Amino acid sequence: MRIYKILRASEWADLQARGETQGAPIDVADGFVHFSTAAQAQETAAKHFAGAEGLILAALEADDLGPALKWEVSRGGDKFPHLYGPLRLVDIIWHAPLPLEGGVHKFPADL
């Protein structure tokens, strides 16, 4: 199953430079890297990244992350994937810009 991480431009640049990251400030504070499923990603963008430009959507294969990935109940009773370890650049299958169009982030059509 694919899972997704939304990164700000500065976070993406840091990940590219270092090869891994503990995530955004909220990830560091919570002690895990927040991810979303395809069904959850648009709501995540609207709730946590409203109006933000320059975002990157990164896709990862959940099974490749091993036991460090936990599925935990969060918003509205949904289970969200949380990575208890660093997000590594080598684990990203693909990435794409997440442009802001008319105040809404435009996700890839095949998501």
Side-chain angles (χ1 to χ4, degrees):
M1 171 184 215
R2 295 258 167 97
I3 58 173
Y4 302 89
K5 178 67 177 165
I6 299 171
L7 299 136
R8 292 173 183 85
S10 61
E11 295 161 355
W12 176 245
D14 185 57
L15 175 58
Q16 288 182 299
R18 297 174 185 252
E20 68 178 41
T21 180
Q22 296 301 317
I26 188 72
D27 298 322
V28 173
D30 288 347
F32 54 84
V33 180
H34 294 261
F35 289 91
S36 298
T37 65
Q40 298 163 336
Q42 290 185 11
E43 185 179 347
T44 296
K47 182 173 183 172
H48 298 287
F49 298 92
E53 295 188 13
L55 299 178
I56 300 294
L57 180 67
L60 297 89
E61 181 58 49
D63 291 342
D64 292 346
L65 300 176
L69 186 72
K70 309 281 186 213
W71 291 84
E72 298 174 318
V73 176
S74 187
R75 173 173 79 222
D78 280 350
K79 285 190 175 183
F80 280 76
H82 297 151
L83 181 64
Y84 286 85
L87 168 59
R88 301 178 320 151
L89 187 61
V90 297
D91 291 326
I92 295 176
I93 298 167
W94 60 259
H95 67 281
L98 200 55
L100 191 61
E101 296 180 5
V104 178
H105 292 100
K106 183 168 174 68
F107 281 75
D110 60 349
L111 185 63

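If you're wondering where the values come from, they're calculated on a predicted model, not measured in any experiment.
- Under the salt bridge (Lys or Arg N to Asp or Glu O under 4.0 Å) criterion, no residue pair touches residues 93-110, with sequence neighbours excluded.
- Taking every heavy atom of both residues into account, Pro86 and Gln22 meet most closely at CB-NE2, 3.5 Å.
- Residues that satisfy the side chain to side chain contact (heavy atoms under 4.5 Å, CB included) test with Glu53, not counting sequence neighbours, are Leu100.
- In terms of hydrophobic clustering, with Ile, Leu, Val, Met, Phe, Trp and Tyr side chains grouped at heavy-atom distances under 4.5 Å, Leu60 and Leu69 are assigned to a common cluster.
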Under 3.5 Å, which donor-acceptor pairs do the side chains of residues 87-95 form with other protein atoms, sequence neighbours left out?
unit_1, atom_1, unit_2, atom_2, d
Arg88, NE, Asp91, OD2, 3.0
Arg88, NH2, Asp91, OD1, 3.0
Arg88, NH2, Asp91, OD2, 3.4

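- Taking every heavy atom of both residues into account, Gly31 and Tyr84 meet most closely at O-CD2, 3.6 Å.
- Residue pairs meeting the side-chain hydrogen bond (donor to acceptor under 3.5 Å, both in side chains) criterion with at least one partner in residues 23-34, sequence neighbours excluded, are Lys5-Asp27, Asp30-His34.
- Minimum heavy-atom separation, Gly85 to Val33: O-CG2, 3.7 Å.
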Name every donor-acceptor pair, under 3.5 Å, that has one atom in a side chain of residues 13-21 and the other anywhere in the protein, sequence neighbours excluded.
unit_1, atom_1, unit_2, atom_2, d
Asp14, OD1, Arg18, NE, 2.6
Gln16, OE1, Trp12, NE1, 3.2
Thr21, OG1, Gly23, N, 2.9

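- Here the straight-line distance linking atom OG1 of Thr37 with atom CZ of Phe80 works out to 7.0 Å at 0.5 Å rounding.
- Summarising the geometry of Gly51 relative to His105, their closest heavy-atom pair is N-CE1, 4.2 Å, with the distance given to 0.1 Å.
- The two atoms that bring Ala41 and Ile6 nearest to each other are O-CD1, 3.9 Å, heavy atoms only.
- Annotation: side-chain hydrogen bond (donor to acceptor under 3.5 Å, both in side chains) contacts of Arg8 (sequence neighbours excluded): Glu11.
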**Request:** Kindly indicate, with the supporting measurements, whether the criterion side-chain contact (heavy atoms from CB on, under 4.5 Å) is fulfilled by Tyr4 and Thr44.
**Result:** CA-CA 10 Å; Tyr4 302 89; Thr44 296; over 6 Å; no
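- Neither Val104 nor Leu98 shares a network with the other; the hydrophobic side chains, linked directly or stepwise wherever heavy atoms of I, L, V, M, F, W or Y lie under 4.5 Å apart, form separate groups for each.
- The NZ atom of Lys47 sits 11.0 Å away from the OG atom of Ser36 when rounded to the nearest 0.5 Å.
- From Glu61, atom CD reaches atom CE of Met1 across 9.5 Å, with rounding to the nearest 0.5 Å.
- Here the shortest heavy-atom pairing between Ile56 and Pro97 reads CD1-CA, 4.2 Å.
- Note: the hydrophobic cluster containing Phe32 does not contain Trp71 (ILVMFWY, side chain heavy atoms under 4.5 Å, direct or indirect links).
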